[in-house]
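In what follows, a single structure is set out as structure tokens and then discussed.
Every chain is numbered from 1 and lettered A, B, ... according to where its sequence line falls, protein lines coming before strand lines. For the numbers below, each heavy atom of this structure counts, side chains included, while hydrogens, waters and symmetry mates do not.
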2 protein chains.
Amino acid sequence: MSTVYDVARMAAVSSSTVSRAINTPDAVSPATLARITEAIARLGYTPNKIARSLQSQTSETIGVLISDLTNPALVKIVKGVEKVLGAAGYTPILCDTEDSPDKEQRYLTDLIDRRIDGVVMVPVMDSHAAALLQQRGLPAVFVDRSISPDFDCVKINNVSGLSLLVGHLLQLGRQTIRMIGGPQRTDVGQERNDAFLLFLERYGLARDPDSVICGDFTIEDGYRITHEMLRQGRRPDAIVSANNLMGIGALKAIREAGLKLRTDLDLVVFDELGELGELLDPPVAYVSQPSMEMGVQAANLLLERMRGHVTRAPRCVVFEPVLVRR
Amino acid sequence: MSTVYDVARMAAVSSSTVSRAINTPDAVSPATLARITEAIARLGYTPNKIARSLQSQTSETIGVLISDLTNPALVKIVKGVEKVLGAAGYTPILCDTEDSPDKEQRYLTDLIDRRIDGVVMVPVMDSHAAALLQQRGLPAVFVDRSISPDFDCVKINNVSGLSLLVGHLLQLGRQTIRMIGGPQRTDVGQERNDAFLLFLERYGLARDPDSVICGDFTIEDGYRITHEMLRQGRRPDAIVSANNLMGIGALKAIREAGLKLRTDLDLVVFDELGELGELLDPPVAYVSQPSMEMGVQAANLLLERMRGHVTRAPRCVVFEPVLVRR
DNA sequence: CTGTTAGCGCATTCAA
DNA sequence: TTGAATGCGCTAACAG
């Protein structure tokens with residue numbers, strides 16, 4: 001691999017001039033610039049970003065940590081983030097933390113050691129990333145979930161979402177509604193669960209200790225919990241799933257129990273189910289987040305903060321969900 | 001951020017000793033090692049990987065380029081790759097090329113400028129990545145698709161796959177089978193299309209110019225082509241989709257045409273449809289790749305090659321698909 | 001076992 | 001406009 005010195009020698013100039021030709025072409029006379037350009041082309045020279053980073057103390061790199069690449073909504077967020085960062089000249093480094101706090105921590109420290117300039121992340125459950133970020137003073141934006149009030153974040157309005165979901169079930173004439181809740185130890189889980197109970201009350205629906213059974217946002221938990229709900233004495237006539245994955249698990253359990261959606265009971269879900277979700281028969285209604293735009297927004301917040309607004313108070317952008325009837 | 005010098009000062013040693021304490025602790029006396037460890041802890045020092053890379057001419061980093069993060073099979077490949085690389089001490093940098101040759105090229109040059117040590121990639125259609133990799137002499141492994149005989153690759157046996165698919169349809173008593181083919185300009189597409197025609201012939205089934213209509217492995221193409229097939233005079237009694245995404249499109253078109261799977265016609269698909277695919281009613285049979293293992297294998301091939309077997313002739317590992325009846 | 005010296009490739013002073 | 005000198009943080013070579 002050729003270096004600035006190789007180029008310099010071939011163009012009969014000094015290395016500094018080559019450097020200038022690349023970074024501030026206006027500061028170089030047209031004649032020498034031409035010679036240098038020529039030499040660069042002939043050698044196939046490309047600047048060593050490692051060396052550049054060491055010198056400039058910046059890497060033009062952003063860590064993008066996602067808790068689950070299997071989740072179509074999260075993948076869309078990534079697409080939004082990458083679009084904006086790429087256009088701004090940054091290279092996103094994507095990491096799949098697989099909802100493991102350990103993996104998240106490992107990736108994060110590694111990225112920090114690589115001197116990334118910022119972070120956009122969907123934190124894992126039980127994340128302890130905030131402390132690390134804070135300590136390093138690294139600009140960061142949380143998406144979907146928030147784990148610290150000290151950072152910018154982009155979220156969905158969970159109360160609206162549950163209002164839409166419960167409202168839809170009421171329209172269908174459902175009365176005994178139960179929820180596969182999210183984990184209480186996450187803000188999203190808590191918000192959705194609380195909102196559900198709020199609307200049960202507001203609409204005068206039955207509410208008992210079993211109204212909400214919490215899971216960890218996984219297919220397995222959705223399956224297990226639904227299974228449980230269906231074999232209990234009083235079977236609900238509608239189920240709300242706090243997220244898409246648990247909704248898939250619920251579908252499986254309902255199918256296995258030999259029950260029919262629409263006739264025996266209804267299922268509604270927070271978050272889209274992806275392309276295939278549209279093809280289910282009967283289809284499942286859901287509220288969808290504008291995931292891509294959330295990613296875009298998150299990236300923009302990060303860019304702003306990196307451009308020096310480090311001291312500004314943390315901002316939280318909340319998007320409104322949309323009910324998709326099916 | 002503190003440096004080796006800060007640690008050195010605090011521990012009253014030289015920077016090289018600090019370096020040794022970190023990299024070859026055995027080469028340092030227990031006493032000083034203790035002092036250095038103490039200082040590192042107190043300062044919260046972590047080595048700057050940028051500087052380390054510049055010096056060592058290696059980055060312990062592997063580029064992982066994937067053509068489509070929306071495809072569940074490809075995500076599983078990523079998981080396999082990351083598992084192995086992570087265990088081997090490498091950091092995978094994941095990039096979503098979104099099936100765009102331009103994006104692939106951009107990511108790749110950027111990664112090369114960052115001095116990555118190797119590449120695992122699912123190349124995009126019309127990829128021109130091979131030239132770049134070859135020119136830089138960068139170790140690389142292709143997964144799922146291959147674009148050059150000069151590199152290691154991990155693939156699925158497409159002929160077996162189509163044998164299973166067509167065989168299954170025959171068992172169901174189908175006679176007029178058409179295929180939503182893959183793009184002829186990719187090796188996978190070509191192999192699957194050819195294999196399909198081969199088996200039509202072998203089993204003495206009708207075969208005409210419309211037997212295969214090719215798409216670009218997208219949902220949209222699957223939809224469009226199926227739509228076309230269904231409105232033609234002689235409607236097939238079975239359709240084979242060359243991949244999962246086009247299969248989803250086919251499902252959509254079949255649904256819209258008011259036709260019923262199983263009774264009116266059958267659909268079988270190459271590649272799994274993901275978790276939700278299992279919940280379709282009626283379900284869709286498919287042949288599945290052991291995606292995760294393919295990722296594992298790919299990473300292992302890369303590790304071998306990076307450990308100096310650079311000159312060894314390219315190897316191609318072929319996995320056998322499995323028919324999943326539904 | 002430890003310190004001194006030098007260099008990885010680049011960009012940024014400071015002079016000329 | 002250009003070049004020489006220096007340092008980013010780390011590690012390897014060489015002495016001691």
As a test of reading the structure: which of [options] is closest to the side chain of [X], going by heavy atoms?
X: A:Thr32; options: D:dG9, C:dT2, D:dT2; result: D:dT2
X: A:Ser14; options: C:dA11, D:dG3, D:dG9; result: D:dG3
X: A:Val13; options: D:dG3, D:dT1, D:dT11; result: D:dG3

Toward the 5' end of DNA chain C, which comes first, A:Leu54 or B:Ala31, by nearest nucleotide?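 Residue closer to the 5' terminus by nearest nucleotide: B:Ala31.
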Let me spell it out: for each of B:Pro30 and B:Gln57, pick the nucleotide of DNA chain C with the closest heavy atom. Which residue's pick is nearer the 5' end?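 So the residue in question is B:Pro30.
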Carboxylate-amine/guanidinium proximity below 4.0 Å for B:Asp187 and B:Lys155: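 Yes.
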Salt-bridge criterion met for B:Arg145 and B:Asp68 (N-O under 4.0 Å):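 A salt bridge is absent here (no side-chain N lies under 4.0 Å from a carboxylate O).
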Ignoring backbone atoms, establish whether [X] has a side-chain N or O less than 4.0 Å from OP1 or OP2 of [N].
X: B:Asn48; N: D:dC8; result: no
X: A:Arg52; N: C:dG9; result: no
X: B:Ser29; N: C:dT2; result: yes
X: A:Thr17; N: D:dG3; result: yes

Is there a donor and acceptor pair, one atom on the side chain of [X] and one on the base of [N], closer than 3.5 Å?
X: B:Arg20; N: C:dG3; value: yes
X: B:Tyr5; N: D:dC8; value: no
X: A:Gln55; N: C:dG9; value: no
X: B:Ser19; N: D:dA12; value: no

Rounded to the nearest angstrom, tell me the gap between atom [atom1] in [X] and atom [atom2] in [N].
X: A:Arg35; N: D:dT1; atom1: CZ; atom2: P; value: 15 Å
X: B:Asn23; N: D:dA12; atom1: CG; atom2: P; value: 7 Å
X: A:Ile50; N: D:dT11; atom1: CD1; atom2: C1'; value: 15 Å
X: A:Ile22; N: C:dT12; atom1: CD1; atom2: C1'; value: 14 Å
X: B:Arg9; N: D:dC10; atom1: CZ; atom2: P; value: 13 Å
X: B:Ile36; N: C:dG3; atom1: CD1; atom2: C1'; value: 12 Å

Side-chain donor or acceptor of B:Gln289 paired with backbone N/O of B:Ile156 under 3.5 Å: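 Not a single qualifying donor-acceptor pair exists.
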Is a side-chain N or O of A:Thr97 found less than 3.5 angstrom from the main chain of A:Ile66, in a donor-acceptor match?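 Here the side-chain-to-backbone pair exists.
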Toward the 5' end of DNA chain D, which comes first, A:Ala12 or A:Ala51, by nearest nucleotide?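 The 5'-side residue here is A:Ala12.
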Apply side-chain hydrogen bond (donor to acceptor under 3.5 Å, both in side chains) to the pair B:Ser16 and B:Ser19, showing each step before the final yes or no. CA-CA 5 Å; B:Ser16 354; B:Ser19 176; over 6 Å; no
Would you classify A:Ser16 as touching base, sugar-phosphate or nothing, given that sugar-phosphate means primed atoms plus P, OP1 and OP2, and contacts are heavy atoms under 4.0 Å?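 Base, at least one base atom sits under 4.0 Å.
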When all nucleic acid strands are considered with a 4.0 Å heavy-atom cut-off, which category describes B:Val18: base, sugar-phosphate, or nothing?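 It contacts nothing in the nucleic acid.
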Please assess B:Met121 against B:Glu104 for the test side-chain contact (heavy atoms from CB on, under 4.5 Å), listing each intermediate value before the final yes or no. CA-CA 10 Å; B:Met121 64 188 289; B:Glu104 184 181 79; 3.1 Å; yes
